[in-house]
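See below for the structure under consideration.
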Amino acid sequence: MRCLLKRQTLLAVLLGLALFLLPSLYPTDASIMTLSALAALNGIRMGTAVSFPALQQDERYRDVLAREFRQLTPENEMKFSRLHPEPERYDFDKADTLVNFADTHGIMVRGHTLVWHSQIPDWVKAARSRDAAIALLRNHIQTVVGHYRGQVMAWDVVNEAIADSGRLRDTVWLRQIGPDYIGMAFRWAHAADPNARLFYNDYGGEGLGRKSEAIYRLVSSLVEKDIPIDGVGLQMHLSLQNAPDASDVATNLQRLGELGLETHITEMDVRLALPASEQDRLAQADLFRTMLSTCIAADSCSNFTTWGFTDRYSWIPHRYKDFGAALLFDRDYQPKMAYAAMLEALDPET
Ligand code: XIL
């Protein structure tokens with residue numbers, strides 16, 4: 001029923017209405033529709049990671065962001081080391097600026113991320129006992145989620161807790177607290193904002209295989225223990241060489257949905273070897289189209305987020321030498337083939 005409403009009735013009614021009402025004012029050509037507007041007709045919220053420096057200094061960045069996206073994920077400003085650099089000091093200024101921008105433009109916020117092994121300050125690593133580590137993590141989660149209560153729609157509560165081997169990743173949290181840190185984090189987050197949707201987020205588990213099995217087992221066990229988890233974020237950082245099979249992604253989204261969990265694509269980008277060839281850019285566009293279509297077709301998948309939107313500020317060239325061109329807009333904010341492919345996935349008539 002929900003599926004029917006989401007996929008067909010809603011789409012038909014809204015598209016019909018739009019086409020009926022708009023012709024006198026606008027051309028009916030769907031190319032004037034933004035990603036977000038078309039996505040909403042498909043029951044999907046379209047999001048992007050946001051670079052704080054870019055938002056501060058670049059007006060074109062702000063314009064495209066506000067036009068195309070209805071949700072943002074702070075790329076770095078809500079990470080532990082940024083928000084809580086010293087034991088007794090929180091610094092919410094930059095993250096607050098992002099949240100205020102979102103609020104002003106009717107954009108929702110995905111909070112990223114409460115518990116991660118990376119971008120944590122040294123003082124965390126020096127906790128003197130298990131109890132001390134539990135206390136500091138609880139304090140962090142209560143304070144941060146409490147600060148943004150009602151303003152952050154979903155939190156990546158735990159990020160990348162599983163290693164590529166499928167075992168729990170050897171992190172400061174696992175070493176100091178043990179495997180229970182994961183359930184604890186979800187409980188504390190839920191207590192601090194009972195309305196925020198709480199996610200486990202990871203990369204490399206989008207399709208089927210060892211890592212996605214391990215993620216599935218982990219979240220199944222959380223659900224079984226009545227731990228307040230609402231969904232799974234699949235990051236989707238892809239290259240043309242490592243992309244998962246769309247049918248495997250569909251199967252994965254379905255089985256996670258059958259656990260009662262929502263799924264979000266949280267960080268998609270498709271890095272290309274530079275300079276990017278025409279053929280690679282086509283293959284990239286195809287991947288964006290396919291993954292978005294797969295999300296649209298899955299009942300569980302309600303959110304599609306890319307890790308930035310312009311190649312001007314992508315993290316890829318910093319992280320992967322000689323790679324880049326991973327996003328939907330080029331460095332001058334011109335939409336790329338990948339952008340057109342996303343529109344096609346959202347409106348097969350285009
Ligand atoms: C990345 C940011 O994009 C970079 O600016 C930063 O230097 C490192 O982190 N998975 C995640 C994100 O969950 O937080 C990472 O973001 C990219 C991989």
Side-chain angles (χ1 to χ4, degrees), residues 47-58 61 65 69 71-85 94-95 97-98 109-122 124 140-141 144 148 152 154-164 168-169 171-173 182 185 189 197-206 211-212 214-215 218-219 229 231-239 242-244 263-272 291 303-321 323-329 331:
T48 178
V50 166
S51 148
F52 180 79
L55 191 82
Q56 286 288 91
Q57 76 205 14
D58 187 339
Y61 185 90
L65 169 61
F69 299 95
Q71 180 209 266
L72 65 79
T73 308
E75 185 172 351
N76 288 301
E77 280 62 32
M78 286 187 178
K79 291 173 178 173
F80 203 126
S81 57
R82 300 292 178 96
L83 286 182
H84 196 174
K94 291 183 175 166
T97 303
L98 288 171
V109 179
R110 261 188 128 266
H112 175 84
T113 172
L114 299 168
V115 191
W116 193 25
H117 61 277
S118 189
Q119 294 182 271
I120 44 177
D122 285 342
V124 163
H140 178 78
I141 291 177
V144 171
Y148 291 113
V152 165
W155 276 103
D156 289 331
V157 177
V158 177
N159 197 34
E160 302 180 354
I162 294 172
D164 296 344
L168 281 185
R169 186 187 292 275
T171 68
V172 63
W173 308 114
I182 297 175
R197 312 282 294 162
L198 304 183
F199 280 71
Y200 175 76
N201 192 50
D202 213 329
Y203 69 89
E206 293 82 9
K211 189 143 178 192
S212 109
I215 294 171
L218 171 68
V219 298
I229 176 171
V232 175
L234 302 173
Q235 294 185 4
M236 203 71 89
H237 290 291
L238 306 183
S239 71
N242 76 355
T263 56
H264 288 180
I265 305 303
T266 51
E267 305 187 14
M268 184 159 179
D269 51 22
V270 182
R271 58 185 177 272
L272 301 180
M291 292 308 160
N303 187 302
F304 195 94
T305 294
T306 54
W307 204 242
F309 55 94
T310 163
D311 294 337
R312 182 177 280 265
Y313 300 110
S314 164
W315 75 305
I316 292 294
H318 308 283
R319 172 69 175 74
Y320 299 93
K321 190 173 163 346
F323 281 81
L327 294 168
L328 305 176
F329 293 84
R331 298 178 58 84

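Whatever order the structure lists ligands and atoms in, that order sets their numbers, starting from 1. Hydrogens, waters and symmetry mates are skipped; everything else that's a heavy atom, side chains included, is used.
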- Message: Taking Met236's backbone N and O only, do any of them form a donor-acceptor pair with Glu206's side chain (distance below 3.5 Å, no angle check)?
- Response: yes
- Do you know which two heavy atoms are closest between Tyr200 and Ala161, and how far apart they sit?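 Scanning both residues, the minimum pair turns out to be OH-N, 2.9 Å.
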- Heteroatom proximity flag, Glu75 to ligand 1, N/O under 3.5 Å: yes
- Within the structure, does Asn159 bring an N/O atom to less than 3.5 angstrom of an N/O atom in ligand 1? yes
- Any Glu160 heavy atom less than 4.0 Å to ligand 1: yes
- Task: Mark the output for Tyr203 as yes if a heavy-atom distance to ligand 1 is under 4.0 Å, and as no if none is.
- Result: no
- Query: Would you say the side-chain atoms of Tyr203 and Asp164 include a donor-acceptor pair closer than 3.5 Å?
  - Reply: yes
- Is it possible for you to check whether Arg82 lies under 6.0 Å from the centre of the six-membered ring of Phe52, through NZ or CZ, and within 45° of that ring's axis? no
- Task: Indicate the ring-plane relationship of Phe69 and Phe309, choosing parallel, tilted or perpendicular according to the 30° and 60° boundaries.
- Result: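 Plane angle between 30° and 60°, so tilted.
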- Task: Quick one: sort the His112 and Trp116 rings into parallel, tilted or perpendicular, breaks at 30° and 60°.
- Result: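 Correct class here is tilted.
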- Query: With a cut-off of 4.0 Å, which atoms of ligand 1 are near a heavy atom of Trp307?
  - Reply: 2 (C), 3 (O), 12 (C), 14 (O), 16 (O), 17 (C)
- With a cut-off of 4.0 Å, which atoms of ligand 1 are near a heavy atom of Trp116?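 Checking each atom against Trp116, I get 14 (O).
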- Query: Which option, Glu267, Gln119, Lys79, owns the non-hydrogen atom nearest atom 16 (O) of ligand 1?
  - Reply: Lys79
- Task: Could you name the option among Thr73, Asn76, Asp156, Asp269 that has the heavy atom nearest to atom 6 (C) of ligand 1?
- Result: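 Ranked by closest heavy atom to atom 6 (C) of ligand 1, first place is Asn76.
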